[in-house]
Protein chains: 4
Amino acid sequence: MNPKREKIFNAAVKKFSEKGTTGTTMKEISQEAGVGKGTLYRYFEDKEDLVSSLMSYGFERLTEVIKREIEGIESATDKIKKVVEVQLEFYKKHCDFCRFLTREFWGYKNKFEENIKEIRSDYTVVIEGIIEEGIEENEFKAKDPEVAAVSLIGMVNLTALHWFMFKGEVAVDKIREEVIDIFLSGMLN
Amino acid sequence: MNPKREKIFNAAVKKFSEKGTTGTTMKEISQEAGVGKGTLYRYFEDKEDLVSSLMSYGFERLTEVIKREIEGIESATDKIKKVVEVQLEFYKKHCDFCRFLTREFWGYKNKFEENIKEIRSDYTVVIEGIIEEGIEENEFKAKDPEVAAVSLIGMVNLTALHWFMFKGEVAVDKIREEVIDIFLSGMLN
Amino acid sequence: MNPKREKIFNAAVKKFSEKGTTGTTMKEISQEAGVGKGTLYRYFEDKEDLVSSLMSYGFERLTEVIKREIEGIESATDKIKKVVEVQLEFYKKHCDFCRFLTREFWGYKNKFEENIKEIRSDYTVVIEGIIEEGIEENEFKAKDPEVAAVSLIGMVNLTALHWFMFKGEVAVDKIREEVIDIFLSGMLN
Amino acid sequence: MNPKREKIFNAAVKKFSEKGTTGTTMKEISQEAGVGKGTLYRYFEDKEDLVSSLMSYGFERLTEVIKREIEGIESATDKIKKVVEVQLEFYKKHCDFCRFLTREFWGYKNKFEENIKEIRSDYTVVIEGIIEEGIEENEFKAKDPEVAAVSLIGMVNLTALHWFMFKGEVAVDKIREEVIDIFLSGMLN
DNA sequence: CATGAATGAGGCTTCATTCAT
DNA sequence: TATGAATGAAGCCTCATTCAT
């Protein structure tokens, strides 16, 4: 990616995470990025475009990493374990991003809405695919893979964010173990 | 509650859910509520106060309903079932609210931050309590009740919102069954 | 008219005449008018609206005065004399306005274009009517009343503006006499 | 003239006429001219300079054509006829230019103001000269040659522009005949 | 108490101009 | 000499908040 575009991206995530998208001004972003205010508009149509580009970019990176990491893994169970681990690591590393995504994803009408929905869908579908695979192989028993997929995403996403917000850091190991255990074996003794 | 305050609350949730808190103007809220703009300031310090009061109010209602509904239920398992059901019903009924909460909760520094954290904590703690209880009674096996509690909240919250956003309505029955099953018995066959 | 709207109008003509519409900022107008910047937007949709409202208002006033003044006058010749006089007086009194009108009338596409054309037409039509009347009464000999009307307007308008710009003041008497003479009796000896 | 300077000139009139000087950006002009944005600044100090150079250039061309065309003509009456014809033809051919001139000429303080006034004066003076000449030769009867000259310019300029704006084209023949008739013989029967 | 006209700080965006290549 | 990426001053407009009625 264009290095200046990347600098802007990094500055934007940082600020957006700290103060929200609407709480952050274009001026702040340009200062954080060390470029002129006008330069932002050479790389992004407007603020809305910057926000949704950032969101797409994040989902794409996450989806990409997940896809890459589960490649070669055979069993659906092991894939799920890997997915949880990868996501938690990603959230830990990019907790700014995680917060930004969680907050802004459930966005309101904007001109890039459809685009975002698609990207988000790509991401969900990967997890859903693993679960469907597990069902076919008789490894899993879920009736509705979509509910199961979104449930897993919800578990990982909110625990990571909860830890980040209330404890200051994402406790990857602790969360991973428990989440995997619950998702795979359930709570019952 | 003061009826005019309630009218403002209802108007605010509706608008906030449609257009986000920052996308909604005080004028719009006052018009939706059928009162003068100045009147809003008799019931709330400022916009920030309105937003966080609304958030507190929502969490309190939800916590309240949950507490009331699980009263008298004996086993932790049954309590969890009830909690999931009650939450889904609440989200279905107040999906505007659900969207608003999910989006605005992970809020940024504001003068009511601590207050909100506390309210949110109350809510989490109820679920956590049920799980601890289940562990003590040897019904549950979780190592970390907090992770388990937040996981459950994440599952319910994000599936509900996902359905609302992508399918237009919260499919309570379908989600409830699957979420309870996963949370209690896990995915493995 | 609303007194505050009028204050804004007066401030705007003054500034527009001095520095052009695009050279004048909304802030300058608000300061000249002694009101807050936001107040301008209570009385006018936006800057474009302010400009075209001002233009319509001016044409309407001018048309109004002309219509009122020629009422009761019998011969077309005397009406033309009065029209020239009234216009010159109006231009002298509102030379800011005259300059603004001349410069901005030949405007470029904007959302009020049609409205302005109509107003301008009303004004032209009054003069045209007098000429047609004179032709019917066999007083005048023009073949094309529209060319004649616009010619008269052009004579008055540009001489007035020329005097204002190059001599600092509109020499009503001198211009009136000569313009009327040329228009009615021509240049030939 | 330098061919690149000419390309820029042509691009500028076209754009200025379509969208006004302030509505046209330097980028648009450079694209229309097929040169880089920076190149404009090799040929013109700044935008103001481009605008006023264009204005001077136009007046000079017009004055030049008029001077050339009336050369050799004897009577002031015939010269006036020629002047009207030449101007209308010029306006018809360069109606973009005509619109631009009328709109921008009554300009506001800028650093080239004096220069423009002088150029404009040259142009006025030619017409004035013919009228003075006619008076001396006892052909004309005007008391104030300046008023008469500016009146003629106003008639031609505004009728041409009026036709262009309201009918889409300058009806040279019709306007010429009527304007000449009025100016020379007046309206009276 | 209730209202909504008035305010002005501050946001987003544009664009004339510069300057390194 | 020609270019166009970069800049940042400055404009238009919005909207939370106040306060006279």
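Just so we're on the same page: letters track the sequence lines, and every chain starts at 1.
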* To do: Compute whether any side-chain donor of one residue and acceptor of the other, for C/N157 and C/T102, lie under 3.5 angstrom apart.
  => yes
* Give a yes or no answer on whether the side chain of D/T24 reaches the backbone of D/G20 with a donor-acceptor pair at less than 3.5 Å. => yes
* Quickly work out the D/L40 CG to F/dT3 P distance and round it to whole Å. => 10 Å
* From F/dA2, E/dA2, F/dA6, nucleotide with atom closest to A/T39 side chain -> F/dA6
* Structure fact -> Separation between CD1 (A/I29) and NZ (A/K27), nearest 0.5 Å, reads 13.0 Å
* Asked: When you check the gap from the basic side-chain N to the acidic O, do A/K15 and A/E28 get nearer than 4.0 Å?
  -> no
* To do: Rounded to the nearest angstrom, tell me the gap between atom CD in A/Q31 and atom P in F/dT7.
  => 12 Å
* Paired and unpaired positions of DNA chain E as dot-bracket, Watson-Crick or G-U wobble under 3.5 Å, | denoting a partner strand -> .||||||||||||||||||||
* Asked: Base, sugar-phosphate, or nothing for C/F44, non-hydrogen atoms under 4.0 angstrom?
  -> nothing
* Whole-Å distance between F/dA16 P and B/D49 CG? -> 14 Å
* Side-chain heavy atoms of C/R103 within contact of D/E104, under 4.5 Å -> yes
* Any side-chain N or O of A/Y43 less than 4.0 Å from the OP1 or OP2 oxygen of F/dA5? -> no
* To do: Report, as yes or no, whether the 6.0 Å neighbourhood of atom CD on C/E118 holds more than 12 heavy atoms from other residues, nucleotides or ligands.
  => no
* To the nearest Å, how far apart are A/I29 CD1 and F/dG8 C1'? -> 16 Å
* Asked: B/F9 pairs by ring pair (Phe, Tyr, Trp, His ring centres under 6.0 Å) with which of B/Y43, B/F44, B/F100, B/F16?
  -> B/F44
* Protein proximity profile, nucleotides 15-21 of chain E - base contact B, sugar-phosphate-only contact S, no contact -, cut-off 4.0 Å on heavy atoms -> SSBB---
* Asked: Are the side chains of D/E6 and D/N2 in touch, meaning some heavy atoms are under 4.5 Å apart?
  -> no
* Whole-Å distance separating the CZ atom of B/R5 from the P atom of E/dC1 -> 14 Å
* Asked: Is any side-chain heavy atom of B/L62 less than 4.5 Å from a side-chain heavy atom of B/Y123?
  -> yes
* Among F/dA2, E/dA5, E/dA2, which nucleotide sits nearest the side chain of D/R42? -> F/dA2
